[in-house]
Each structure stands twice: as C-alpha cells, then as structure tokens.
Amino acid sequence: MSVRTRYAPSPTGMLHVGGAWMTFFNWLYARRHGGQFILRIEDTDRSRSTEYYEKLIMDDLRWIGIDWDEGPDVGGPHGPYRQTERSTLYAEAADELIRRQAAYRCYCTADELEAERAAAAAAQRAYRYSGRCRNLTPAQIAAFEAEKRRYTIRFRTESFRDPARATTGGWLQARDDGSGPRVFVVVPDLIRGEVAFDLADIDDFIIVRSDGGALYNFANVVDDHDIRITHVMRGIQHLTNTPKQFLMYGALAWTPPAVAHAPELAGLDRKKLSKRHGDTSLREYRDELYLPEAMVNFFALMGWYPEEGRELFSREELMRRYDIAEMGKASPIFDRQKLNWMNGEYMRLAMQQEPERVLDLICGYLARHGLLPAEPTAMQRALVRRVLAILGDRVKVGADVLTYADFFFQDPPAMDDAAVEKHLRAPGIGPFLTAIADRLDALATFTAAAVESEVRATAAAFGIAFKVVVHPIRVALTGKTIGPGLFELTEALGRERAVSRLRAGAAIADRD
RNA sequence: GUCCCGGUCGUCUAGCCAGGUCUAGGACACCGGCCUUUCAAGCCGGUAACACGGGUUCGAAUCCCGUCCGGGGCACCA
C-alpha cells in the first residue's frame, strides 16, 4: 500500500513556522516513499476560518516547495477536502457507532457537566464524565426528548474495558502489575516507541456536539480513514488524543494509521513557539528574504541529522534519506542565528547560479522598505544589480541590504552620529575631503581604480596615512563605517553623487 | 492535582537501542589571531555539555530505579 500523509490546517491564521516544519516532514516522508501528500482543510470552526487564510496557507506551502496530490483546490478521489463539506460522513459514522452500541446520546446540560467538573476540581481529581447517560432507559430518553433537551453523542469507552478484548501484540493490551489486570491502549509511536495509556483514565468523551457538529478528534478519525491516510505525523500535544482515536478506529473496525508524535518547536524561553516570540509566520521569513531552500534545510536539521559532518542538504538529498524513526524527541528551539548563517550559504549560491532571481528578491525588498518603486525602471534595476555585485556575500538576509547599502537609494544618506563625530569631525578632514572632491570631479574616467589612485595621491600630498583617510571618505559617502569596498562603492555611486556627498561631508567637518 | 512526553556545550545536534575506541565529535553563535581601506567572507586557534542521586558492571552519556526541572493533555477548541 502506498504511503499517504497529510497536513490538515485550520484556516484561522497565517501558516506558522511550527506548522510548516511539521508539514515539511509529512510531505518529505510521502515523497521519500513515492506516496501521496494530501492537504485537508479543517474549517469546522466556521467563525474563525476564512477563505483568505486558506489561500495564504496554500501559497506559503507552495513557496517552501510543498506540493499536494489531493486537496481542496486540486480535488482528488477521496474528496471533498474541506471538513465543512464532509459533515454527512461524520453523521454516518456517528450513526454507525450508535448502531454498534459504541456510542450513545448524552442529554446532560452544560450546567450539569460544569457541576461535575467543579466537583472534580474541588477534590483535586482529573475530570472524568460520570457516565450518567450511559445506560438511559427508553422512558428516560423519552422524557428528555419531551423536554426538548439537546443531546451530544458520547463514545462508550466501557465496551473496551473487558480484558478479554485485549490482545498481546495489538493496541489494546491487558497488563497486570500485581494489583489486578488493567487494560491499556498501547500506541505504537514511530518516534517514541510504545506509549501505554490506562483505559481507566479515559472517560466517555463527546464526539458530536449538541448542534450536530463533529468534534475534532472524531472528524479526524473519520477523515483520516476515509482519505486512506497511512501515516500521521503531528505535534506531541496530540499524543494524549491518540488512545481515544484508536478506540474509535477499533469500534468502527477500522485499522488505525501509523502515528508519530514529533516534538513541538519552542522559542528561546523553551515555551512553545508563539506570537510573543515574534516572527512566527512563515511569510515574515519570506518577506525578510529567507530562501525556501534554506528554510527547508534548516527545518530538516531541527530534530533530524542525516549524516555526520555535513549540514547543507538539497531537497533531493533530504528526500532520499529522511526517516521518521530518526526524528529527535526533544523540543528544538528555533535558532534564528543558525538560520541566518544557513540562509547566507544559500544566498551566496543563488547569487552565483540565479542572479536574476536574487535581483528580483532584492528589488522587492527595497520596494517594501520604500527605497525603490514597486516597478523599478531599467536604470534602477541596473543600479541594484551593480550594488548586489559589490555587496557580495555580505547579504545573508534582507536586513543586510539595508545595513550595507541603503545609502545607494536615499539622498542624502542617513548619517550615523557616532561615525560622523569620530571620523568627520577630526582635524584637517574638511580641506582633505574638498581636495578629494575636486580631484574626483576632474577625473577623466570615473572607475574604482582611478578613484583609488586619486585618494592615495591626495593622502600622500596631505601627508596623511592612507588607512586614516579611508574612514572619513566612507562616512561622507555612506553615512556609516561599514560596507562594501570603498572604491567599488564610489564608482557605483557615480561621480555626481560621490562629489556632492564629499562636499557635504567637508561642510560638516568644517562646521564649528 | 493527575496522566503522558522530554532533559548531551548558549543553540541545533552526534553518540544511547546492540556499555569500553568518549580525556564526549560536528555545526551556529561567542572570544582571540591572520588577512584587510571598514564590515562581511575566508583561514587558524580557543571557551563551553552528558540535570541530580543511587544502583548493575572490571567499566555507564549509554542499562535499571528514584529525584529534580521543562513541556503538553485532562473542553459541546483544534
């Protein structure tokens, strides 16, 4: 049977890096085994789900190179792929469970349930449904119906309590630690090994709301079975849901999929990655010029190391070697610094192999920061191309473009106060900068080499060491002390702008 | 409270299942040096970890037990 994995997002927000990370492994596993990857939209929470987010999520998924064989947009043989369009399926499955006496109607009101919960809390006990409606007589049911009470549907966990139903190798096992036989739901987790849950801890949980809507746990089981999902990889927070799901599979005489519970991504404080850590939506990384190939490589290395001594892997290599069983168990922390390094590696590669792609990216970035129009002219593009060439591997992420090259795109450049104070407001600098300006203005050919020889000659004429002279010029030209090679930068800036900035710098130097 | 999962350098991790070759390896970050007109890159070097306590064993990061710490579940949320 071919491998089928899925990702089932709720379209209530942007695709989160944690979600993208998990999705990537599901996708990778399907591709690794020549199987299918399916996208299913869990939009049962109608008040919060929007089509807008559904589209954005799909767009972000495509951006990191995740494609799907079946989904709401492309269809497929097991559709529909939106939960809101699958409600009859859940209703049928619920009927089937009732027919098999594996589920029952519960007429308890919210208040009654709340009272049970409060009692449990007061006694410092974990809340378990009392089972009050488990064995209602026809007369009691008739009475509730006459009252027009609404009912939920609960799963009858009880039917699995008989140790005789347990098998030795199966997911329902009887174990005896000396205090009598107890029945356990044993989840064979591909990452963690067998995880046993005492059936006594599982109550009769609700599977259908009083408004007829299926609850997540139940809908999930029905969907995964119907869509023929073979491997479910999800966050560890779902591990405790799994025994309940296995029970439902069992009651319906369905075979549960293989499951694997990966750790959840954490922030620097070791808490689950969330909004308060900032930059959690994948799109923010895209906007900051992180490359999808870098994201994917970085994702792979969180929780999984394919081979010692190497960290850079192409998507194809990852596809060839990835195995769920090798996944780490501990929550990785999303380390921006390592991502930055990795993105730099891929950025360098992209600049060599796909310069036009990088050019487009940078133009877009500059436009988003107001330094370039959305539709740059051919001349503006040419300047960016040139700037990119002299920037070289200084560009690791979008912000580097600004820190090293913003002065190309704004007149006058933003001046760093400390740099001005230190390098421009030094004795003798004013006349020197004026002299340089004059000489550059008179230069026959305005090239980096020519600029350099003029600067060296002027420094010699003034009796100032070359090294000492570089910084004031840089500050006058760029407003800062860091950046690309001074002479390449000057050439790219062009004679006119270079000369006027040098004169402006001289004015600052001479000012009292 | 209870159930479940986790715990190797600051971070990602290798090693753990099949104890010795681990005075615990790599990478990012950090620190120092070289190169150099600055920064970045590159090269060289450095700091830095088996959560703790008991076992078992000739020998434990690796096996067992306990403790501590962290995370998650315990909804008519997903």
Side-chain angles (χ1 to χ4, degrees), chain A residues 8-10 12 42-45 48-49 83 106 108-110 113 117 120-121 123-128 150-154 187 189 191-193 195-198 200-203 205-217 219-220 235-243 261 263-264 266 268-272 298 301-305 307-312 328-342 344 348 391-396 400 403-404 419 423 452 455-456 459 465-471 473-475 478 480-487 489:
Chain A
S10 304
T12 54
E42 303 211 328
D43 55 352
T44 43
D45 188 344
R48 293 192 300 148
S49 299
Q83 282 192 331
C106 171
C108 292
T109 63
L113 261 17
R117 204 168 292 126
Q124 297 216 310
R125 258 183 13 243
Y127 166 67
R128 304 268 177 272
R150 316 238 296 166
Y151 62 87
T152 60
I153 299 177
R154 284 186 186 270
V187 174
D189 191 287
I191 294 173
R192 284 155 219 284
V195 185
F197 297 87
D198 192 333
D201 292 328
I202 301 173
D203 68 354
F205 51 93
I206 295 175
I207 58 174
V208 177
R209 288 188 210 113
S210 54
D211 68 2
L215 245 47
Y216 165 80
N217 247 342
N220 222 258
I236 188 136
Q237 76 269 28
H238 293 290
L239 181 55
T240 38
N241 280 328
T242 312
H261 291 90
E264 194 85 353
L268 259 1
D269 54 3
R270 299 222 169 255
K271 294 260 169 33
K272 193 169 147 179
F298 178 68
L301 257 37
M302 278 192 296
W304 180 68
Y305 255 60
E307 178 182 292
E308 272 198 50
R310 192 153 74 99
E311 301 205 303
L312 266 13
K329 297 179 176 75
S331 279
I333 291 169
F334 193 91
D335 183 358
R336 266 300 266 277
Q337 289 190 308
K338 185 146 188 174
L339 208 212
N340 286 350
W341 164 75
M342 187 165 280
R348 203 189 298 196
L391 240 30
D393 51 26
R394 267 169 273 249
V395 181
K396 293 194 208 155
D400 294 325
T403 56
Y404 292 119
H423 298 288
E452 178 166 1
V455 169
R456 284 187 187 277
F466 174 68
K467 282 183 76 152
V468 177
V469 119
V470 168
H471 264 98
I473 301 177
R474 177 182 293 281
V475 173
T478 71
K480 56 185 82 189
T481 56
I482 57 169
L486 182 61
F487 309 113
L489 158 184

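Throughout, a chain's letter reflects where its sequence line sits, starting with A, and its residues are numbered from 1. Since this is a predicted model, take the numbers as computed values, not measurements.
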Exercise for the section: Please work out if A/His261 contacts a base, only the sugar-phosphate, or nothing of the nucleic acid, heavy-atom cut-off 4.0 Å. Expected result: nothing
Practice task
Just name whichever nucleotide pairs with B/A14, Watson-Crick or G-U, keeping both distances under 3.5 Å, else none.
Solution key: none
Exercise for the section: May I have the distance from A/Phe298 (atom CZ) to B/U11 (atom P), rounded to whole angstrom? Expected result: 14 Å
Completion exercise
Distance col, row A/Glu42:CD vs A/Ser10:OG, nearest 0.5 angstrom, shows 5.5 Å
Practice task
Provide the distance between the two P atoms, one in B/A24 and one in B/G32, to the nearest whole Å.
Solution key: 25 Å
Handout entry: Listed nucleotide nearest any side-chain atom of A/Lys338, set B/C5, B/A78, B/C12
Key = B/C12
Exercise for the section: Provide the distance between the two C1' atoms, one in B/G46 and one in B/A51, to the nearest whole Å. Expected result: 26 Å
Handout entry: A/Tyr404 side chain, from C-beta outward: closest of B/U37, B/A40, B/G6
Key = B/A40
Fill in the blank from the handout: Under a 3.5 Å limit on both distances, the Watson-Crick or wobble mate of B/G1 is B/C74
Problem - Inter-residue atom distance A/Asn340.CG - A/Phe298.CZ, 0.5 Å rounding - result: 9.0 Å
Completion exercise
When rounded to the nearest 0.5 Å, the distance separating CD1 of A/Ile202 from CZ of A/Arg128 is 8.5 Å
Problem - Interatomic spacing from CZ in A/Phe205 to CG in A/Asn241 - rounded to 0.5 Å - result: 9.5 Å
Exercise for the section: Using the P atom as the reference point in each nucleotide, state the distance between B/U67 and B/C28 in Å, no decimals. Expected result: 41 Å
Problem - Distance, nearest 0.5 Å, that separates CG of A/Leu301 from CD of A/Glu311 - result: 5.0 Å
Practice task
In whole angstrom, give me the gap between the C1' atoms of B/G71 and B/A29.
Solution key: 25 Å
Practice task
Report yes if at least one side-chain N or O of A/Lys396 is closer than 4.0 Å to OP1 or OP2 of B/A41; otherwise report no.
Solution key: yes
Exercise for the section: May I ask you to decide if A/Leu215's main-chain N or O and A/Arg209's side chain share a donor-acceptor pair within less than 3.5 Å? Expected result: no
Handout entry: Whole-angstrom distance between B/A27 and B/C63, as gauged at atom C1'
Key = 30 Å
Problem - Per A/Gln237 side chain, nearest of listed nucleotides B/U37, B/G6, B/G72 - result: B/G72
Completion exercise
Taking for A/Asp43 and for A/Leu339 the nucleotide of RNA chain B with the nearest heavy atom, the one nearer the 5' end belongs to A/Leu339
Problem - A/Asn241 CG - B/A75 C1' separation (whole Å) - result: 11 Å
Problem - Given B/A27, B/A78, B/C12, the nucleotide with the shortest approach to the side chain of A/Ser10 - result: B/A78
Fill in the blank from the handout: Whole-Å distance, A/Phe205 CZ to B/C76 P, equals 12 Å
Practice task
Return the value, rounded to whole Å, for the distance between atom NZ of A/Lys467 and atom C1' of B/U36.
Solution key: 8 Å
Practice task
Measure up the A/His423 and A/His471 rings against each other and bin them: parallel (under 30°), tilted (30 to 60°), perpendicular (over 60°).
Solution key: parallel
Handout entry: Rounded interatomic separation in angstrom, taking CE from A/Met342 and P from B/A29
Key = 11 Å
Practice task
Keeping the roles fixed (side chain from A/Thr242, backbone from A/Leu239), state whether a donor-acceptor pair exists under 3.5 Å.
Solution key: yes
Handout entry: Residue pair A/Ala214 / A/Ala219: nearest heavy atoms and the distance that separates them
Key = CB-CB, 4.2 Å
Completion exercise
Contacts of A/Ile206 and A/Gly328 projected onto RNA chain B by closest heavy atom; the upstream (5') one is A/Gly328
Practice task
Would you give the length of the straight line joining atom NE2 of A/His261 to atom NE2 of A/His238, rounded to the nearest 0.5 angstrom?
Solution key: 7.5 Å
Set out, line by line, the N/O atom pairs under 3.5 Å between protein and nucleotides 1-4 of chain B.
| from | atom 1 | to | atom 2 | distance (Å) |
| --- | --- | --- | --- | --- |
| B/G1 | O2' | A/Gln124 | O | 2.6 |

Exercise for the section: Mind checking A/Pro263 for me? I need base, sugar-phosphate or nothing, with any heavy atom below 4.0 Å counting as a touch. Expected result: nothing
Practice task
Whole angstrom is fine here: how far is it from NE2 in A/His423 over to P in B/U37?
Solution key: 16 Å
Exercise for the section: Could you check whether A/Gly485 gets within reach of a base, just the sugar-phosphate, or nothing at all, counting any heavy atom under 4.0 Å? Expected result: base
Handout entry: Pairing partner (Watson-Crick or G-U wobble, both distances under 3.5 angstrom) of B/U56
Key = none
Practice task
Can you tell me, in whole Å, how much space there is between the P of B/C43 and that of B/C5?
Solution key: 44 Å
Handout entry: Per A/Glu42 side chain, nearest of listed nucleotides B/U11, B/A78, B/U37
Key = B/A78
Practice task
Consider the side chain of A/Arg209, meaning its heavy atoms from C-beta on, and name the nucleotide among B/A78, B/G10, B/G7 that approaches it most closely.
Solution key: B/A78
Handout entry: Interatomic distance, A/Arg474 CZ vs B/A40 C1' [rounded to whole Å]
Key = 11 Å
Problem - Any strand: nucleotide that pairs with B/G6 via Watson-Crick or wobble, under 3.5 Å - result: B/C69
Completion exercise
All heavy atoms of A/Val469 vs all of A/Ile473, minimum pair found to be O-CG1, 3.3 Å
Problem - Pairing partner of B/A61 (Watson-Crick or G-U wobble, both distances under 3.5 Å) - result: none
Practice task
Both distances under 3.5 Å, Watson-Crick or G-U wobble: report the partner of B/G42, or none.
Solution key: B/C34
Practice task
Can you tell me, in whole Å, how much space there is between the P of B/U2 and that of B/G19?
Solution key: 36 Å
Completion exercise
Taking a pair to mean Watson-Crick or G-U wobble geometry with both distances below 3.5 Å, B/A24 pairs with none
All N/O pairs under 3.5 Å across the protein-nucleotides 66-69 of chain B interface:
none

Problem - Which atom of A/Lys396 lies closest to which atom of A/Asp400, heavy atoms considered - result: N-OD2, 2.9 Å
Fill in the blank from the handout: Residues A/Ala330 and A/Pro263: closest non-hydrogen pair is O-CG, 3.2 Å
Exercise for the section: Measure from NZ on A/Lys329 to C1' on B/G72 and round the result to the nearest Å. Expected result: 17 Å
Problem - Nearest-nucleotide pick for A/Ile333, side chain only, options being B/C28, B/U11, B/A78 - result: B/U11
Exercise for the section: For B/C31 and B/U21, measure between their C1' atoms and round to the nearest Å. Expected result: 32 Å
